[in-house]
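Order of the sequence lines sets the chain letters (A, B, ...), proteins ahead of strands, with each chain counted from 1.
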Amino acid sequence: MQGSDSQAGLDFVRAIVAEDLETDKWGGRVVTRFPPEPNGYLHIGHAKSICLNFGIAAEFGGTCHLRFDDTNPEKEEQEYVNSIIEDVRWLGWDWGEHLYYGSDYFEQMYEYAVQLAKAGKAYVCDLTAEQIREYRGTLTKRGTDSPYRNRSIEENLDLFERMRKGEFPDGSRTLRAKIDMGHPNLNMRDPVMYRIVHAEHHRTGDKWCIYPMYDWAHGLEDSVEKITHSICTLEFENHRPLYDWFLDELGAYHPQQIEFARLNLTYTVMSKRKLLRLVREGCVGGWDDPRMPTISGMRRRGYSPAAIRQFCTRIGVNKFNSTVDMALLEHCLREDLNKTSPRVMAVLRPLKVVITNYPEGQSEELDAVNNPEDAEAGTRKVPFSRELYIEREDFMEEPPKKFFRLAPGREVRLRYAYFVTCTNVVKDEAGNITELHCTYDPATRGGDAPDGRKVKATLHWVSAAHALEAEVRLYDNLFTEENPDEAGEGEDFVSNLNPNSLETVSARVEPSLAAAKPLGRYQFERLGYFCADAESSKEKLIFNRTVTLRDEWVKIQKGQTHKP
RNA sequence: UGGGGAAUAGUGUAACGGCAGCACAAAUGACUCUGGAUCAUUUAGUCAAGGUUCGAAUCCUUGUUCCCCAGCCA
């Protein structure tokens, strides 16, 4: 093993898989699985697990199963199943024929339980939930045997069968593994295998009124599917001895479990419980709110599957808890979007500009490059006329040092159009700037001066008469704190919600955007990446800001205000 | 002395007894019809203390800190 370099550069999970392949531990097979519980929407943390499991299968010539771990009818819904299937597929992964449901194995699990009971390794217990907790002991104190622990095998078999038949009310009895109430690992103190719940299951309906506990079900699901590497998160490390015990007692196929650290990201929360709360309390518009770290939210925000996949490989895999900087996610996003997004011009906060020496009623079409990063993307026409809109923040009446954009008397370039010089500032009675008057230099058509003179800034713009109105939603971090859980006394993460995480503006966009399809991604030049909202239409254009462009000017401004 | 896991720049990771490397972030400069992109440069790290060794992030000892476990949730 030491001599082998096949593991160099691999993360520790892949290193194990590579070594197992080398030693032929599984007869050349690599079978992984992504086993979500359909009780919520998938988030970026799940993407890490999805990319790990499907990625390993793809890299090592194996297969990866998508399996719903649906053993708790009270929390699971078909809606979640549907969203999970959509999200995994959207991320670009394919499970082929291997779509499974834990509930499909209920009968087999039941038979396995009977086998254990027959071996005297499981018993029906009449203790209440509260009593079970008391009998379990504590972290430092051993537990006490249940008074029902030594029932006869016949009685256990009879009672368990009657549990299944529905003869007993919810919570009245459980089937427990007979292990060791003095075990230092609490999971080994006669864990519950089945509980009685008369609830309708989203797939099995009312066929069952006893449901397997996760610890009992999960290992069996992996075993039945002949998984080779059961990759899960750190908190299940303590459960591994229990899975081992079950599988060994049963003499069943035994996958290898490998635990890795779940993903944490700055400025957001990552547990289904907390995300559910944000949805239920109306802090966001729903599971797919573009501010949510859910896959569906990120999709609606304008993230590309490639960006998310790239992020998942960049963060690596490890066994210790860490918090990844949101900036890395945004870096991966920009990296992909820069290469793939067509550029367009849009003005978020319009300031009217009149080109006083441009003939009234005249207009022309100018050529604009669709994507300077992609020659194949070609060019398009953008209309130019006497009245335009530019970005309000691209003009300053009294420009500070290093402000290169438009100012009185200053010449700048309108992208792909002309050089213009500001000649007059029009204000209303309150002194607010309402309009700018400029002159243009006809010789600079297309954006270059034949005399070779330079300008320090290039501005984006739209023609007032041709521009389309659009609602643009400017998103920012959902939370103001890097770690939202760090809240004051008596408060929790909700108190760290960013009140400015969404600002809606009425923008003017170039006419080509009339063809924008829902979820279509664009770069609004000089502003950022934007995506047509899922509900955007020709009648009402809506764009979501995915992420801003990196902005040197913002940094300069910050520097100027910090050191006056 | 309950059990289990883990510690490498600000952040995320690599190095498998042999020059502590990469990326993000930050900073500086070049270039630019996006203050974008791109390119170059810089800042910054082995939890601590001992030990083994020619040589230790890596092996050993002791300690410190952090995470997980007391659901009939997963």
Side-chain angles (χ1 to χ4, degrees), chain A residues 1-2 4-5 7-9 11 15 35-37 39 69 71-72 74-76 125 127-129 132-134 136-143 170-176 183-189 191-197 210-211 213-215 217-218 233-241 259 261 266 272-273 314-332 334-335 338-339 343 345 369 372-373 402-405 413-417 419 446-448 454-460 482 523-528 548-556:
Chain A
M1 161 180 165
Q2 259 73 18
S4 140
D5 59 355
Q7 296 153 34
D11 61 64
E37 183 193 12
N39 69 341
D69 207 341
T71 55
N72 184 355
E74 293 180 308
K75 290 187 178 172
E76 296 150 6
C125 182
L127 254 26
T128 64
I132 284 181
R133 192 183 334 123
E134 284 162 7
R136 184 156 33 224
T138 68
L139 294 177
T140 52
K141 224 177 1 205
R142 56 168 296 141
D170 287 3
S172 60
R173 288 183 221 265
T174 57
L175 182 75
R176 292 227 257 165
H183 200 108
N185 182 341
L186 268 52
N187 296 127
M188 302 295 274
R189 318 241 262 228
V192 172
M193 295 164 60
Y194 278 92
R195 75 280 210 185
I196 302 174
V197 184
I210 56 171
Y211 289 92
M213 295 291 292
Y214 175 87
D215 280 340
H218 198 84
T233 44
L234 249 29
E235 68 270 27
F236 295 108
E237 207 150 19
N238 293 329
H239 298 241
R240 178 147 42 91
E259 306 86 4
T266 56
K272 278 198 250 182
R273 204 199 93 245
R314 295 277 279 265
I315 56 177
V317 188
N318 236 318
K319 273 187 89 88
F320 47 90
N321 298 301
S322 58
T323 302
V324 177
D325 200 330
M326 179 66 87
L328 180 61
L329 213 208
E330 295 186 341
H331 167 80
C332 295
R334 292 189 182 105
E335 190 176 48
N338 176 50
K339 285 181 297 192
R343 320 277 126 133
M345 291 199 283
V369 174
E373 303 290 324
K402 292 194 179 170
F403 181 86
F404 303 143
R405 281 110 97 144
R413 170 168 39 232
L414 294 181
R415 188 141 161 96
Y416 300 126
F419 283 15
D448 282 305
K454 302 279 185 200
V455 287
K456 294 204 84 170
T458 299
L459 271 38
H460 61 276
E482 273 200 19
Q523 183 197 100
F524 287 3
E525 294 229 23
R526 302 209 306 134
L527 297 172
T548 61
L549 248 25
R550 289 186 66 225
D551 192 344
E552 285 293 320
W553 172 237
V554 165
K555 287 181 193 169
I556 293 167

Chemist: The side chain of A/Trp553 is closest to which nucleotide in this list: B/U34, B/C73, B/G35?
Modeler: B/G35

Chemist: Among B/G35, B/C72, B/G2, which is the nearest nucleotide to the side chain of A/Leu139?
Modeler: B/G2

Chemist: Should A/Lys75 and A/Glu37 count as an ion pair when the cut-off is N to O under 4.0 Å?
Modeler: no

Chemist: Whether A/Lys454 contacts B/U32 is assessed here as follows: a side-chain N or O lying under 4.0 Å from the phosphate OP1 or OP2. Is that the case?
Modeler: no

Chemist: Taking atom P of B/G36 as reference, at what distance in whole Å does atom CD1 of A/Ile556 sit?
Modeler: 9 Å

Chemist: Picking from B/U34, B/A70, B/C72, which would you name as closest to the side chain of A/Thr174?
Modeler: B/C72

Chemist: Taking atom types as they are modelled, would you say the side chain of A/Asn318 forms a donor-acceptor pair with the base of B/G12 within the 3.5 Å cutoff?
Modeler: no

Chemist: Between A/Cys125 and A/Asp11, which is nearer to the 5' end of RNA chain B once each is assigned its nearest nucleotide?
Modeler: A/Asp11

Chemist: Is it the case that the side chain of A/Thr266 and the backbone of A/Met326 share a donor-acceptor pair, with hydrogens and angles ignored and the cut-off at 3.5 Å?
Modeler: yes

Chemist: Checking contacts here: which listed nucleotide (B/G36, B/C72, B/A70) is nearest the side-chain heavy atoms of A/Leu186?
Modeler: B/A70

Chemist: Can a donor-acceptor pair be found, under 3.5 Å and without considering hydrogens, that links the side chain of A/Arg195 to the backbone of A/Thr174?
Modeler: no

Chemist: Over all strands shown, is A/Gln523 touching base, sugar-phosphate only, or nothing at heavy-atom distances under 4.0 angstrom?
Modeler: base

Chemist: If you measure from the C1' atom in B/G18 to the same atom in B/G5, how many Å do you get, rounded?
Modeler: 30 Å

Chemist: Could you work out the separation of B/G4 and B/A9 based on their P atoms and round it to a whole Å?
Modeler: 27 Å

Chemist: With heavy atoms under 4.0 Å as the rule, sort A/Tyr194 into base, sugar-phosphate or nothing.
Modeler: nothing

Chemist: Taking for each residue the nucleotide of RNA chain B with the nearest heavy atom, is it A/Leu414 or A/His183 whose nucleotide lies nearer the 5' end?
Modeler: A/His183

Chemist: Donor-acceptor pair, A/Arg334 side chain versus A/Thr548 backbone, under 3.5 Å?
Modeler: yes

Chemist: Can you figure out which of B/A74, B/G35, B/G4 approaches the side chain of A/Arg526 most closely?
Modeler: B/G35

Chemist: Report yes or no: does A/Asp325 contribute a side-chain atom to a donor-acceptor pair with the main-chain N or O of A/Ala327 at less than 3.5 Å?
Modeler: yes

Chemist: May I ask you to say what A/Thr71 touches in the nucleic acid, namely base, sugar-phosphate or nothing, with a heavy-atom cut-off under 4.0 Å?
Modeler: sugar-phosphate

Chemist: With sugar-phosphate meaning primed atoms plus P, OP1 and OP2, does A/Ala327 contact a base, only sugar-phosphate, or nothing at under 4.0 Å between heavy atoms?
Modeler: sugar-phosphate

Chemist: Can you tell me the distance, in whole Å, between the CZ atom of A/Arg136 and the C1' atom of B/G2?
Modeler: 15 Å

Chemist: Tell me if a side-chain donor or acceptor on A/Arg343 pairs with a main-chain N or O of A/Glu525 at a distance below 3.5 Å.
Modeler: no

Chemist: Contact class for A/Arg133 vs. all strands (heavy atom < 4.0 Å): base, sugar-phosphate, or nothing?
Modeler: sugar-phosphate

Chemist: I need the CD-P distance between A/Glu373 and B/U32, as an integer number of Å.
Modeler: 16 Å

Chemist: Tell whether A/Asn187 reaches the base of B/C69 with its side chain through a donor-acceptor pair below 3.5 angstrom.
Modeler: no

Chemist: Taking any heavy-atom pair under 4.0 Å as a contact, classify A/Gly447: base, sugar-phosphate, or nothing.
Modeler: base

Chemist: What nucleic acid atoms does A/Phe403 come within less than 4.0 Å of, heavy atoms only: base, sugar-phosphate, or nothing?
Modeler: base

Chemist: Which one is paired to B/U52, where only Watson-Crick or G-U wobble pairs with both distances under 3.5 angstrom count?
Modeler: none

Chemist: Spell out yes or no: do the side chain of A/Arg240 and the base of B/G4 have one donor N/O and one acceptor N/O closer than 3.5 Å?
Modeler: no

Chemist: If you check every side-chain atom of A/His239, which of B/A74, B/U11, B/C69 has the closest atom?
Modeler: B/A74

Chemist: Sticking with atom P, work out how far B/A57 lies from B/C31, rounded to a whole angstrom.
Modeler: 43 Å

Chemist: Using a 4.0 Å heavy-atom cut-off, does A/Met188 contact any base of the nucleic acid, only the sugar-phosphate backbone, or nothing at all?
Modeler: nothing

Chemist: Report the distance from atom NZ of A/Lys454 to atom CZ of A/Arg413, rounding to the nearest 0.5 Å.
Modeler: 8.0 Å

Chemist: Using a heavy-atom cut-off of under 4.0 Å over every strand shown, decide if A/Tyr211 touches base, sugar-phosphate, or nothing.
Modeler: nothing

Chemist: Is A/Ser322 close enough to B/U13 that one of its side-chain N or O atoms is under 4.0 Å from OP1 or OP2 there?
Modeler: yes

Chemist: What is the separation between atom CG on A/Asn185 and atom C1' on B/C69, rounded to the nearest whole Å?
Modeler: 7 Å

Chemist: With a 3.5 Å limit on both atom pairs, tell me what B/G29 is paired to, counting Watson-Crick and G-U wobble, or say none.
Modeler: B/C39

Chemist: Do the side-chain N or O atoms of A/Arg189 get closer than 4.0 angstrom to the phosphate oxygens (OP1, OP2) of B/C69?
Modeler: no

Chemist: Donor-acceptor pair, distance only, cut-off 3.5 Å: does the side chain of A/Asn185 make one with the backbone of A/Asn238?
Modeler: yes

Chemist: For A/Phe404 and B/G35, do the ring centres fall under 5.5 Å apart while the planes stay under 30° apart?
Modeler: yes

Chemist: In whole Å, measure the gap between the C1' atoms of B/G10 and B/U42 for me.
Modeler: 16 Å

Chemist: Counting only side-chain heavy atoms from C-beta out, which of B/G3, B/U34, B/A74 sits nearest to A/Asn238?
Modeler: B/G3

Chemist: Out of B/C72, B/A6, B/G35, which has the shortest distance to the side chain of A/Phe320?
Modeler: B/A6

Chemist: Ignoring hydrogens and angles, answer whether the base of B/U13 and the side-chain atoms of A/Arg314 contain a donor-acceptor pair closer than 3.5 Å.
Modeler: no

Chemist: Could you state the atom-to-atom distance from NZ of A/Lys339 to P of B/U38 in whole Å?
Modeler: 10 Å

Chemist: Could you grab the distance from atom CG of A/Leu414 to atom CZ of A/Phe419, nearest 0.5 Å is fine?
Modeler: 10.0 Å

Chemist: Under 4.0 Å: is that the gap between some side-chain N or O of A/Arg195 and OP1 or OP2 of B/A74?
Modeler: yes

Chemist: When all nucleic acid strands are considered with a 4.0 Å heavy-atom cut-off, which category describes A/Gly9: base, sugar-phosphate, or nothing?
Modeler: sugar-phosphate

Chemist: Rounding to an integer number of angstrom, what distance separates B/U52 and B/U13 when you compare their P atoms?
Modeler: 34 Å

Chemist: Is B/G71 syn or is it anti, if syn means the base angle is within 90 degrees of 0?
Modeler: syn

Chemist: Please state the C1' separation for the pair B/U58 and B/A14 - nearest whole angstrom.
Modeler: 13 Å

Chemist: In Watson-Crick or G-U wobble terms, both distances under 3.5 Å, what is the partner of B/A7?
Modeler: B/U64

Chemist: Can you measure A/Glu235 atom CD to B/C67 atom P for me and round it to whole angstrom units?
Modeler: 15 Å

Chemist: When the C1' atoms of B/U43 and B/U11 are compared, how many Å lie between them, rounded to an integer?
Modeler: 15 Å

Chemist: Please state how far atom CG in A/Leu329 lies from atom P in B/A23, giving the value in whole angstrom units.
Modeler: 19 Å

Chemist: In Watson-Crick or G-U wobble terms, both distances under 3.5 Å, what is the partner of B/A20?
Modeler: none

Chemist: Once you round it to whole Å, what is the distance between P of B/A37 and NE2 of A/His331?
Modeler: 10 Å

Chemist: Base, sugar-phosphate, or nothing: which does A/Glu525 touch, judged by heavy atoms less than 4.0 Å apart?
Modeler: base

Chemist: Any side-chain N or O of A/Arg550 below 4.0 angstrom from OP1/OP2 of B/A37?
Modeler: yes

Chemist: More than 12 non-hydrogen atoms from neighbouring residues, nucleotides or ligands closer than 6.0 Å to NZ on A/Lys319, yes or no?
Modeler: yes

Chemist: Determine the interatomic distance between P on B/G63 and the same-named atom on B/C69; round to the nearest Å.
Modeler: 26 Å

Chemist: What contact category does A/Pro372 fall into here, base, sugar-phosphate, or nothing, at under 4.0 angstrom with non-hydrogen atoms?
Modeler: base

